[in-house]
Number of protein chains: 2
Amino acid sequence: MARASIHNRQDSLERALQLFWQKGFHATSLKDLEKALDMRPGSIYATFGSKDGLFQEALERYSRLGLVELERTFQAYESPLAGLAAYLRGLGGICDKELPSRACMLVKSLLELGEREQAARDKAEELLAGMEVLFIDRFSAAQRAGELNSRLDPVLLGRRLQAEIMGLRAFAQRDVDSATVHALAEDMAQSLEAMRAEEVADTI
Amino acid sequence: MARASIHNRQDSLERALQLFWQKGFHATSLKDLEKALDMRPGSIYATFGSKDGLFQEALERYSRLGLVELERTFQAYESPLAGLAAYLRGLGGICDKELPSRACMLVKSLLELGEREQAARDKAEELLAGMEVLFIDRFSAAQRAGELNSRLDPVLLGRRLQAEIMGLRAFAQRDVDSATVHALAEDMAQSLEAMRAEEVADTI
DNA sequence: GATAAAATTGAGTAATCATTCAAGTTTATC
DNA sequence: GATAAACTTGAATGATTACTCAATTTTATC
């Protein structure tokens, strides 16, 4: 029948993801991808269709893995607010990890891509919207659990948290000490925890 | 003697700035610049040296104009804290303005540029550091004026504000309503104002 | 108007870009 | 081992990239 793919598709995609995350869409050439994937142009195009298509698949993979880690963090904490704070504190250590970039790949893409890469741009938008929903859900859960004053707006809080994370990670892209980013994340986490209602709200 | 430059240097630089801010460094081609500046390659290179050099000058202009607006906002308010809050609220209207991009050009550059554009990257870093200093100064002034609890760290607050602004503007780059960004900025401004010490601290 | 300095032009460079496809290689099934 | 399907190869494509430079045009001064 057929020849088994010597290059695992997921593995190739992961390598492409690392490269795109580090260098961005425009600065990543097909030559770079050929080297990173150890594949010749024909194979790359047969497998992924186009540079643009490969990039979009990389975006989806990035987002999927990010969501998994997010959910995993949430599940480790019974309190929704504690889960969100823990996620922020985890991001404080982003400089200590060996990552292709400290900035979020979705944000990098959102800021880099223009009309000529509309499809990929839309993809990044869509995936960011998905993340936003998750944050909002957590704040809603916190509210249901009585952790949060019922007058606060989970939608606003979710968006604010997303903006805060975007900012933290963009800031971390600067040439700054790990300790600085840790302190920043800790400060953000404390702001979040300060929203915790002192007493569980009475349900009349 | 000489022929007077028909293209005002500042004017050309402004056009280049608009283009670079909108499309980023890599996606802006010399063809694009030729059209926007109405200059032929020879003139561009005689005037600015290289695409990279032109970009760095554009970065500097962007930062200079940004700093002017920042200082102007601060001077309009006697209270440092009120000035910072007003700047944040002003950013809430960023979607209503016709700008090349809602995201900060320095942040876009920081996230886009790699080792191959090290000089421009360093320039963006340096200019961001300059902005950070301004924010820190304002928080220090607020502390001296007794607006801020003396136990708070102006350095941390300044960095946090910069991260928050980076986040707000990156978020505003998403396909969101103007009202959403206004609400986000208002929320951030209120957080800032909530730091105001209720009473002026006693100077023992 | 002659001269010279400065500014501009635009065709041309070599390199790189994403992409294609005919030919070759590998593998599964008979 | 023959067949066929799947996969890989890599030279070639035409477009685009940043950049150069000899020739030209413009302007200031005399």
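Side chains are part of it too, since the values below use all heavy atoms of this structure and drop only hydrogens, waters and symmetry mates. Numbers restart at 1 for each chain; the letters A, B, ... are given by sequence-line order, proteins then strands. Bear in mind the structure is a predicted one, so any value in this text is a computation, not a measurement.
- Distance CG (A:L54) to C1' (C:dT19): 14 Å, rounded to an integer number of Å.
- The existence of a salt bridge linking A:R121 and A:E115 is excluded, since no basic side-chain nitrogen approaches an acidic carboxylate oxygen closer than 4.0 Å.
- Listed by chain and residue number, A:R160, B:R160 satisfy the salt bridge (Lys or Arg N to Asp or Glu O under 4.0 Å) test with A:E164 (two or more places apart in sequence, or in another chain).
- Ion pair B:E193/B:R89 flagged as a salt bridge, since at least one NZ, NE, NH1 or NH2 atom sits closer than 4.0 Å to an Asp/Glu carboxylate oxygen.
- Put simply, CG on A:L33 is 11 Å from P on C:dC17, counting in whole angstrom units.
- For B:R40 and C:dA6, the CZ to C1' distance is 17 Å, given to the nearest whole Å.
- A:I44 has its CD1 atom 16 Å from the C1' atom of C:dC21, to the nearest Å.
- We find that CZ of B:F48 is positioned 14 Å from C1' of C:dT8, with the value rounded to whole Å.
- For residues 98-110 of chain A, the side-chain hydrogen bond (donor to acceptor under 3.5 Å, both in side chains) pairs, not counting sequence neighbours, are A:S101-A:Q173.
- In this structure, the CG atom of A:L37 is 11 Å from the P atom of D:dT8, given to the nearest Å.
- OP1 and OP2 of D:dC7 both lie 4.0 Å or more from every side-chain N or O belonging to A:S43.
- We find that CD of A:E117 is positioned 12 Å from P of C:dA18, with the value rounded to whole Å.
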Contact letters for nucleotides 13-20 of chain D, in which S counts primed atoms plus P, OP1 and OP2 and B counts the base, heavy atoms under 4.0 Å:
----SSBB

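- Ion pairing between a basic and an acidic side chain is recognised when a charged N comes within 4.0 Å of a carboxylate O; B:R61 and B:E57 show no such pairing.
- Ion pairing between B:R40 and B:D38 holds under the 4.0 Å rule for side-chain N and carboxylate O.
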